[in-house]
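Heads up: the structure comes next, in structure tokens.
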Amino acid sequence: MEWIPDDDNVRKRIRAMCDRVERIQADGVYFYNMPVTDLQGGSRVVVNGRTMGMFASYSYLGLIGHPRINRAAQAAIERYGTGTHGVRTLAGSLALHHELEATIARFKGADDAVTFTSGYATNLTTVSTLVGRHDAVFSDKLNHASIVDGCLLSGARFVRFRHNDMEDLEQRLAETNKHTARLVVCDAVFSMDGDIIDLPRLVEVCRRHHAWLMIDEAHSLGVLGATGRGIEEHFGMPDAIDIKMGTLSKTIPSVGGYIAGRSDLVKYLRHQSRAYIFSAALPPAQAAAALEGFRVIEDEPWRVQAVQRNAKHFIESVRGRGLDTLQTRTAIVPVLCGTDERAFQMTAEAHRQDIFVLPVVSPAVPEGMARLRATVTAAHTPEEIDRATEVFAQAGRQAGVI
Ligand SMILES: Cc1ncc(COP(=O)(O)O)c(C=O)c1O
């Protein structure tokens, strides 16, 4: 690369990031990309040879390693091998994909569903397929990066409204020419804060302004609603959402994403979205694991009750020790630390005491709002939760947070 000058912007950007990472590594507070070498039940993992309580997992129902799901993935490999014959539209579709999509549609109370190879790709492709240059897309300020990227890629007028503020959304919709097609996109549960979108008011505002509504259920599938069907079940509003998006990489222990909705919408995405047409299909093992994941949720309803009970216990226990958890009511529990340094210090102490949790610092969250982003799952016992919260409190006291 000697031919690239030192003041080249790409070179400068690479150097700046590497410098930041290396500084944090030199300070001994780099906690990212740590390889897990073993699972020990649903709530513990082995990292660097140490068994640690897992408080950073997205496996909200504790389904990673579930014997039925593992067996389904193995059987799919025996039957179909490890890959597909290419993109879905050409030779890549398996009966398994269709079965998975029919199951998702039924689970979500929709006519049909379509799957993609990641949740990220699902948001990117769906938003950018539905809206374009002459349209407008409205996105909550705390939406996930994949939604933001989809909005930017679409070329539509990109309007961001204040977090979970329906008056602000309404005002911004009212300012838009009413002949413009409008799409409103929100997370159901916000991935850094754990709070829930105000769906009843959101639906009212969207309907009043003839806007399509897309909701990302990455962190609500399996977590919200009496049977884990998500935010519509939570609010008792069946079929309130036009475009029901979810991932297959969190509660569902696989990889991929889906859109469920009316059959014409799904047919359109199958024939128009670039991530479907120009990217290979979900591998058989992952499609089979996802399919079995939905069946296990239905067959083992105690898991949904357990994650909801554990979330309540965890939040009350962390708050009871004087730590700030913002507005969370779900399995994502931010433990506010303040500065990035305090977040690193608290993480180091938690790891020293064998609690695996990760810090989220700026620019992922606003400066001064650095936090431990803790998660709780159906697999934790009350004793494990109590121990973790005691460790967080000790770490908080050491770091001067409480
Ligand atoms: C709200 C939200 N949407 C989408 C995604 C992307 O999903 P995936 O990791 O399955 O690509 C994530 C991932 O963290 C997320 O938190």
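When a ligand or atom number is given, it counts from 1 through the structure's own listing order.
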- Task: Mind checking ring-ring contact (aromatic ring centres under 6.0 Å, His included) for Phe31 and listing every partner two or more places apart, or none if nothing turns up?
- Result: His351

- Query: Side chains of His66 and Glu300: do they bring a donor and an acceptor to under 3.5 Å?
  - Reply: yes

- Query: Are more than 12 heavy atoms from other residues, nucleotides or ligands located less than 6.0 Å from atom CD of Glu367?
  - Reply: no

- Message: I'd like to know if Glu167 and Arg162 make a salt bridge, using a cut-off of under 4.0 Å between side-chain N and carboxylate O.
- Response: no

- Item | Flag side-chain contact, heavy atom, 4.5 Å: Asp216 against Val185 | no

- So CG of Asn70 and CZ of Arg68: to nearest 0.5 Å the spacing works out to 12.0 Å

Distances for all N or O pairs of ligand 1 and the protein under 3.5 Å?
| unit_1 | atom_1 | unit_2 | atom_2 | d |
| --- | --- | --- | --- | --- |
| ligand 1 | 3 (N) | Asp216 | OD2 | 2.6 |
| ligand 1 | 9 (O) | Lys250 | NZ | 3.3 |
| ligand 1 | 10 (O) | Gly119 | N | 3.2 |
| ligand 1 | 10 (O) | Ser249 | OG | 2.7 |
| ligand 1 | 11 (O) | Gly119 | N | 3.0 |
| ligand 1 | 11 (O) | Tyr120 | N | 2.8 |
| ligand 1 | 14 (O) | Lys250 | NZ | 3.0 |
| ligand 1 | 16 (O) | His219 | NE2 | 2.6 |

